[in-house]
Structure formats: C-alpha cells, structure tokens
Amino acid sequence: MNAPSAPASALSQDVLARLAEVIESRRGGDPDASYVARLFHKGTDAILKKVGEEATETVMAAKDGDAQKIVYEVADLWFHSMVALAQFGLKPSDVLAELQRREGLSGLEEFAARRAREREESGT
Ligand SMILES: N=c1c2ncn([C@@H]3O[C@H](COP(=O)(O)OP(=O)(O)OP(=O)(O)O)[C@@H](O)[C@H]3O)c2ncn1[C@@H]1O[C@H](COP(=O)(O)O)[C@@H](O)[C@H]1O
C-alpha cells in the first residue's frame, strides 16, 4: 500500500492551531451558517457521536487498505476530536504536550509501571 505523501512544511502543528482557533470562533455562532457552530449548538452527545462515527469509518477505511480513504477518514476523526477537545475547553497543544511527554518512553515500560502502580494502590 502506497501512503500518499505530503510536503513536510504542510505537516505542521500550525495547521492544528489555526483550525483550533477557527473552531473556537464558531462557538455561539449561527448553526445554519457553520457546521462547527451547529455541532456546538447540538451539544456534547452529538459531538461525541460524530467522533465515534468517524473512528468507525477510519477502521473501515483501514480494513479496505485504501490509503487515500484512510487519510480522508483520519482527517474527519482528527477534526471532530478537535471539536470535542474545544467542547471541554482543551486545545490540540494539550494533546501535543502529552505526546511530547511520552516521547522516548517505551509503551511497554509505561504499561508495566502503570500496572505496578495500580497493584500498589489496590494493595494486591
Ligand atoms: N475540517 C473540517 C471538516 N472536516 C469534515 N467536516 C464536515 O464534517 C461532516 C462529516 O460528516 P459526515 O462525513 O458524517 O457526513 P454527513 O453525512 O454530511 O454528516 P452527518 O449529517 O451524518 O452529521 C461533513 O459535513 C464535513 O463537511 C468539516 N467541517 C469543517 N472543517 C473545518 O472547520 C472550519 C469551519 O467550518 P464551518 O464551521 O462549517 O465554517 C472549516 O473551514 C474547516 O477548516
């Protein structure tokens, strides 16, 4: 499967920051004039429903092995996840900071440390 390529300069966190600003600017806007305003107007359940739908569509695209479709569906998923973040007063930079914190931290080591902590807390 050939992954579509994109110029590195376009793959910047600026895109996420700009989109977050646009999303924020739609809060309280006209639901008939803006898709994001409509989502905010519908509320948390509707936003989370879209995140779930887009996650499912991403899985289906991946099962098909269609690179273009995967990128399209993941873009939908990221976008709706960003609306969900905004709904909870969060920004993409919060998620990027968490990913940065995890940099170089082995997932398996982190999992083992978490299990050890949980065992300690439950006293088992
Ligand atoms: N990135 C996006 C973006 N990605 C996806 N979508 C919309 O998300 C919806 C995805 O829903 P589906 O694929 O499920 O299709 P649908 O059947 O139309 O949706 P439903 O009726 O099932 O809810 C579509 O209407 C897409 O147009 C987006 N809408 C907006 N943006 C960004 O948000 C900005 C603000 O948008 P407005 O608020 O509409 O001005 C835009 O300039 C873009 O940068």
Side-chain angles (χ1 to χ4, degrees):
M1 182 173 72
N2 287 328
S5 57
S9 61
L11 302 174
S12 151
Q13 72 180 70
D14 290 353
V15 176
L16 297 180
R18 276 201 306 274
L19 178 55
E21 274 180 32
V22 173
I23 288 171
E24 199 50 53
S25 75
R26 298 299 199 256
R27 200 184 287 282
D30 180 357
D32 291 328
S34 151
Y35 177 74
V36 176
R38 186 176 302 177
L39 277 178
F40 279 138
H41 184 75
K42 286 182 177 174
T44 302
D45 284 358
I47 294 169
L48 298 183
K49 184 165 175 273
K50 288 305 294 180
V51 173
E53 282 174 16
E54 301 305 346
T56 303
E57 283 167 23
T58 296
V59 172
M60 283 160 56
K63 293 291 274 183
D64 288 347
D66 180 333
Q68 291 281 358
K69 230 159 108 183
I70 293 169
V71 170
Y72 186 90
E73 295 301 346
V74 170
D76 273 357
L77 177 58
W78 284 19
F79 164 70
H80 286 90
S81 298
M82 286 177 64
V83 177
L85 284 174
Q87 177 73 352
F88 291 96
L90 295 163
K91 292 189 168 65
S93 57
D94 295 308
V95 179
L96 291 171
E98 173 61 16
L99 288 173
Q100 194 170 27
R101 186 190 68 78
R102 295 180 191 181
E103 263 179 352
L105 186 69
S106 154
L108 295 178
E109 282 170 22
E110 190 276 337
F111 179 73
R114 186 152 34 91
R115 291 299 296 269
R117 251 193 335 270
E118 285 165 3
R119 273 198 300 274
E120 209 175 282
E121 280 164 16
S122 69
T124 57

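Below, all heavy atoms of this structure are taken into account, side chains as well, without hydrogens, waters or symmetry copies. Both counts, for ligands and for their atoms, begin at 1 and track the order of listing.
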>> When you compare ligand 1 with Glu57, is there at least one nitrogen or oxygen pair between them that comes in under 3.5 angstrom?
In response: no
> What part of Val36 sits under 4.0 Å from ligand 1 if we count only heavy atoms: the side chain, the backbone, both or neither?
Replying inline: both
>> When you compare ligand 1 with Ser34, is there at least one nitrogen or oxygen pair between them that comes in under 3.5 angstrom?
In response: yes
> Which is it for Asp76 and ligand 1 at heavy atoms under 4.0 Å: side chain, backbone, both or neither?
Replying inline: side chain
> For ligand 1, which atoms, with element, lie under 4.0 Å from some heavy atom of Glu54?
Replying inline: 10 (C), 11 (O), 12 (P), 13 (O), 14 (O)
> In ligand 1, which numbered atoms sit nearer than 4.0 Å to a non-hydrogen atom of Leu19?
Replying inline: 32 (C), 33 (O), 44 (O)
> Touching ligand 1 at all, Lys50? Heavy atoms, strictly under 4.0 Å?
Replying inline: yes
>> With respect to Phe79, determine whether any N or O atom, backbone or side chain, lies less than 3.5 Å from an N or O atom of ligand 1.
In response: no
> For ligand 1, which atoms have a heavy atom of His80 less than 4.0 angstrom away?
Replying inline: 8 (O), 10 (C)
> Can a protein heavy atom be found under 4.0 Å away from atom 18 (O) of ligand 1?
Replying inline: no
>> Between the side chains of Arg117 and Glu120, is the shortest nitrogen-to-carboxylate-oxygen separation below 4.0 Å, so that they form an ion pair?
In response: no
> Would Arg26 and Val22 count as a side-chain contact (heavy atoms from CB on, under 4.5 Å) if you check the C-alpha gap in whole Å, the side-chain angles of each, and the deciding distance to 0.1 Å?
Replying inline: CA-CA 7 Å; Arg26 298 299 199 256; Val22 173; 3.8 Å; yes
> Below 4.0 angstrom, N of the basic side chain to O of the carboxylate: do Glu21 and Arg18 qualify?
Replying inline: no
>> Please find the pair of heavy atoms, one from Leu105 and one from Glu110, that lie closest to each other, and give the distance.
In response: CD2-CG, 3.9 Å
>> Determine whether any protein heavy atom is located less than 4.0 Å from atom 41 (C) of ligand 1.
In response: no
